[in-house]
Amino acid sequence: MKTVNKGRIDWMITLVPFVLIMGLAGLLFALPEQSNQVISQVRFFFGDTMGLYYLVIGLGVLVVSLFLSFSKYGGIVLGEPGEKPKYSFFAWGSMMFTCGLAADILFYSFAEWVMYATNPHIAELGPVDEWAGVFPLFHWSFIPWAFYLVLAVAFGFMLHVRKRSRQRYSEACRPVLGKHADGILGRIIDLFALFALLAGTATTFSVATPLMASIIVRLFHIQVSRTAVTIIILLVTCAVYTYAVLHGFKGISILAKLCIYLFFGLLIFVLLVGGQGRFIIENGFQSLGKMVQNFIELATYTDPGRTNNFPQDWTIYYWAYWMVWCIAAPFFIGNISRGRTVRQTILGGYIFGVGSTIVSFVILGNYSLGLQTSGAADFIAQYEASGDLYELILNIIDTMPCAAFILVLVLVTMIAFYATSFDSIAYTAACYSYKKIGDDEHPHLLIQLLWCILLIVLPIALVFSESSMNNIQSVSIISAFPIGIIMIIMIVSFFKDAKKYLEERKG
């Protein structure tokens with residue numbers, strides 16, 4: 001194995017965000033009540049007072065993605081002119097879908113509609129069975145994936161067309177920032193980016209790992225606390241994604257394909273064997289139609305009178321959550337999109353990414369909604385009584401044929417999804433650690449291993465304190481505010497550089 005060239009490593013960018021977030025975790029443990037109060041106040045300012053900021057950025061980025069697809073910029077190849085895609089559409093789509101929030105998509109698909117059904121805003125719109133299934137499709141489809149795909153195009157252009165040797169947020173902003181990208185402003189941008197990356201990592205690990213722990217306890221009837229099982233799951237997931245990332249893109253590609261086979265196998269089984277097939281297809285089709293028909297209204301709803309706080313609790317939260325995840329996922333998508341045009345990357349991403357997401361929410365969500373509508377079960381009452389989403393999901397799975405098999409399949413798929421998401425994050429973070437790294441060059445294995453370990457330390461520490469995990473979710477929302485500003489600079493930089501590139505080509 002080659003030795004690490006320490007002179008090429010930017011230790012400030014590598015270690016400072018980690019030290020900061022570990023210090024924050026220490027405060028959360030030492031002073032949980034005081035920390036919770038302060039962070040809640042800060043989150044209220046960003047999520048409530050400044051909530052319109054997130055909604056405007058979300059709608060704006062979606063418009064930009066459509067413009068890029070059908071304008072003169074859509075024909076730009078992310079690579080040499082005439083270069084063919086490096087990966088097949090299936091392999092590329094599998095890695096793209098699994099590098100982000102795929103585990104969260106699977107987790108929320110089962111019962112997110114139940115959480116919406118208990119909000120008074122649904123009653124204002126109409127019957128629960130008509131509207132509760134609309135919002136999961138809205139919150140997980142076009143605007144969130146627009147964040148990913150527009151930035152992926154900007155990163156892909158920077159990496160494969162301009163062949164920049166610094167794979168960082170600040171480098172993508174260079175056309176606007178100029179020499180300041182190398183100075184203190186560039187440093188601040190990169191530190192914000194990595195801080196948000198670590199905060200988002202801790203958040204997403206805290207969301208669904210308790211479900212995985214609950215499944216193991218249910219399957220094996222073990223007398224161990226959920227916390228202990230969760231930590232074991234985190235360690236196993238870390239081992240899987242470390243193995244994959246140390247075997248490069250080939251290992252990531254193989255794991256991603258396995259995830260997709262497991263994922264669609266689960267969906268097909270529920271659709272065909274669950275007994276709710278007709279309702280799933282018809283209500284899913286209706287919900288999709290309502291979402292498209294009311295899209296602008298859903299994307300601009302602000303609840304100015306604060307009668308239900310629905311956009312503050314949900315839409316703004318989700319847009320901010322996906323923005324935090326825009327540190328690693330778009331960089332990885334841009335990296336694997338070499339040889340594809342801007343148009344192919346964006347529209348292909350919508351077809352595979354949004355398509356897979358919608359299918360998941362339609363099948364798994366409408367299975368339980370069908371039982372609720374027919375009176376065979378009352379999941380809304382169960383959730384209102386306990387407030388335990390993990391137990392509710394287990395109860396939903398218990399109503400399915402071969403419930404034990406479904407539990408095993410969900411567990412294995414989620415571990416694989418988490419592993420695939422985090423091997424792409426570890427790879428991207430390792431690239432950040434280098435002052436310069438070539439387009440075809442890969443980070444040293446030891447640097448990748450370092451990030452594999454760093455990414456798992458904070459979630460393991462936080463799993464001991466539920467209040468701390470809730471606070472870190474708030475930190476993710478707060479982190480998204482500066483990321484939104486950086487995203488705008490990056491998009492403007494791409495248009496400026498791409499226009500110059502087209503003029504160069506014409507000349």
Side-chain angles (χ1 to χ4, degrees), residues 104-142 144 207-208 211 214-215 263-264 266-295 298 308 310 313-315 318 354-403 406-407 409-410 413-414:
D104 287 7
I105 289 170
L106 178 58
F107 168 74
Y108 280 115
S109 291
F110 281 101
E112 182 165 313
W113 69 267
V114 178
M115 294 187 285
Y116 296 135
T118 58
N119 189 286
H121 183 51
I122 298 295
E124 296 170 1
L125 293 172
V128 168
D129 59 334
E130 289 187 18
W131 281 97
V134 173
F135 286 98
L137 303 185
F138 172 66
H139 285 146
W140 291 87
S141 59
F142 294 103
V207 166
L211 173 64
S214 298
I215 290 175
F263 175 65
F264 281 107
L266 171 64
L267 297 184
I268 291 170
F269 184 86
V270 173
L271 177 63
L272 298 181
V273 183
Q276 295 293 322
R278 184 186 63 80
F279 182 87
I280 287 171
I281 294 172
E282 292 183 357
N283 201 63
F285 190 70
Q286 175 179 280
S287 297
L288 185 60
K290 278 185 174 292
M291 190 263 285
V292 173
Q293 183 181 357
N294 297 278
F295 190 86
L298 297 175
N308 52 60
F310 186 87
D313 292 341
W314 289 107
T315 308
Y318 271 134
V354 174
S356 300
T357 303
I358 286 177
V359 168
S360 179
F361 277 96
V362 164
I363 293 177
L364 297 181
N366 281 297
Y367 169 80
S368 51
L369 182 56
L371 293 177
Q372 177 80 32
T373 303
S374 67
D378 192 349
F379 297 119
I380 295 175
Q382 290 180 32
Y383 182 66
E384 287 180 327
S386 68
D388 190 337
L389 188 61
Y390 307 110
E391 188 65 28
L392 177 65
I393 292 174
L394 292 182
N395 291 340
I396 290 172
I397 295 175
D398 278 343
T399 66
M400 297 178 178
C402 307
I406 295 290
L407 286 172
L409 189 55
V410 169
T413 305
M414 292 189 72

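Identified under the salt bridge (charged side-chain N to carboxylate O under 4.0 Å, His left out) test for residues 360-377, with sequence neighbours left out: none. Among residue pairs with one or both ends in residues 283-293, those qualifying as salt bridge (charged side-chain N to carboxylate O under 4.0 Å, His left out) are E130-K290; sequence neighbours excluded.
Minimum interatomic distance between T357 and I105 (heavy atoms only, all atoms of both residues): OG1-CD1, 3.5 Å. Pairing each heavy atom of I406 with each of P401, the nearest pair is CG1-O, 3.9 Å. Closest approach of Y367 and I280 over heavy atoms only: N-CG1, 3.8 Å. The shortest non-hydrogen separation linking S109 to S360 is OG-OG, 2.7 Å. I396 and T399 get closest at one heavy-atom pair: O-OG1, 2.5 Å. Contact between S356 and F264 at its shortest, heavy atoms only, is OG-CZ, 3.5 Å.
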Next item on the list: Please test L106 against L364 for side chain to side chain contact (heavy atoms under 4.5 Å, CB included), starting from the C-alpha separation and ending with a verdict.
Entry: CA-CA 8 Å; L106 178 58; L364 297 181; 3.6 Å; yes
Next item on the list: Check the pair F107, Y390 against ring pair (Phe, Tyr, Trp, His ring centres under 6.0 Å), reporting the backbone distance first and the verdict last.
Entry: CA-CA 9 Å; F107 168 74; Y390 307 110; 5.7 Å; yes
Item checked: Chi angles and distances behind the side chain to side chain contact (heavy atoms under 4.5 Å, CB included) call for W131, H121 -> CA-CA 10 Å; W131 281 97; H121 183 51; over 6 Å; no
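Between the N366 side chain and the L369 main chain, no donor and acceptor come within less than 3.5 Å of each other. A side-chain donor-acceptor contact under 3.5 Å links S368 to the backbone of F110. Of the possible polar contacts, one joining the Q372 side chain to the F379 backbone as a donor-acceptor pair under 3.5 Å is found. D378 contributes a side-chain N or O that, together with a main-chain N or O of A381, makes up a donor-acceptor pair within less than 3.5 Å. When atom types are taken as modelled, the side chain of T373 and the backbone of G370 share no donor-acceptor pair closer than 3.5 angstrom.
When each of L266, L272, L267 is paired with V270, the side chain to side chain contact (heavy atoms under 4.5 Å, CB included) condition holds for L266 and for no other.
Ring geometry for F138 against F135 counts as perpendicular: the plane angle is over 60°, on a 0 to 90° scale with 30° as the lower cut.
You'll find the side chain of L298 stays beyond 4.5 Å of the side chain of T315, heavy atoms only. Side chains of I268 and L271 form no contact here, defined as non-hydrogen atoms less than 4.5 Å apart. Inter-residue side-chain proximity for F279 and Q276 is flagged as met; some heavy-atom pair is nearer than 4.5 Å. Using a 4.5 Å heavy-atom threshold, the side chains of L288 and V362 count as separate. Residues L211 and L394 form a side-chain contact, since some pair of their non-hydrogen atoms from C-beta on lies under 4.5 Å apart.
Put simply, SG on C402 and CD1 on I397 are 13.0 Å apart, with the number rounded to the nearest 0.5 Å. Rounding to the nearest 0.5 Å places CG of L125 at 8.0 Å from CZ of F310. Atom CE of M115 is separated from atom OH of Y108 by 5.5 Å, given to the nearest 0.5 angstrom. Annotation: the span from L409 atom CG to M414 atom CE amounts to 12.0 Å, rounded to 0.5 Å. Taking OG from S214 and CG from L407, the interatomic distance works out to 10.5 Å, rounded to the nearest 0.5 Å. Between the CD1 atom in I363 and the CZ atom in F269 there is a gap of 13.0 Å [rounded to 0.5 Å].
Residues forming a side chain to side chain donor-acceptor pair (under 3.5 Å) with E112 (at least two apart in sequence, or on another chain): Y116, W140, Y318.
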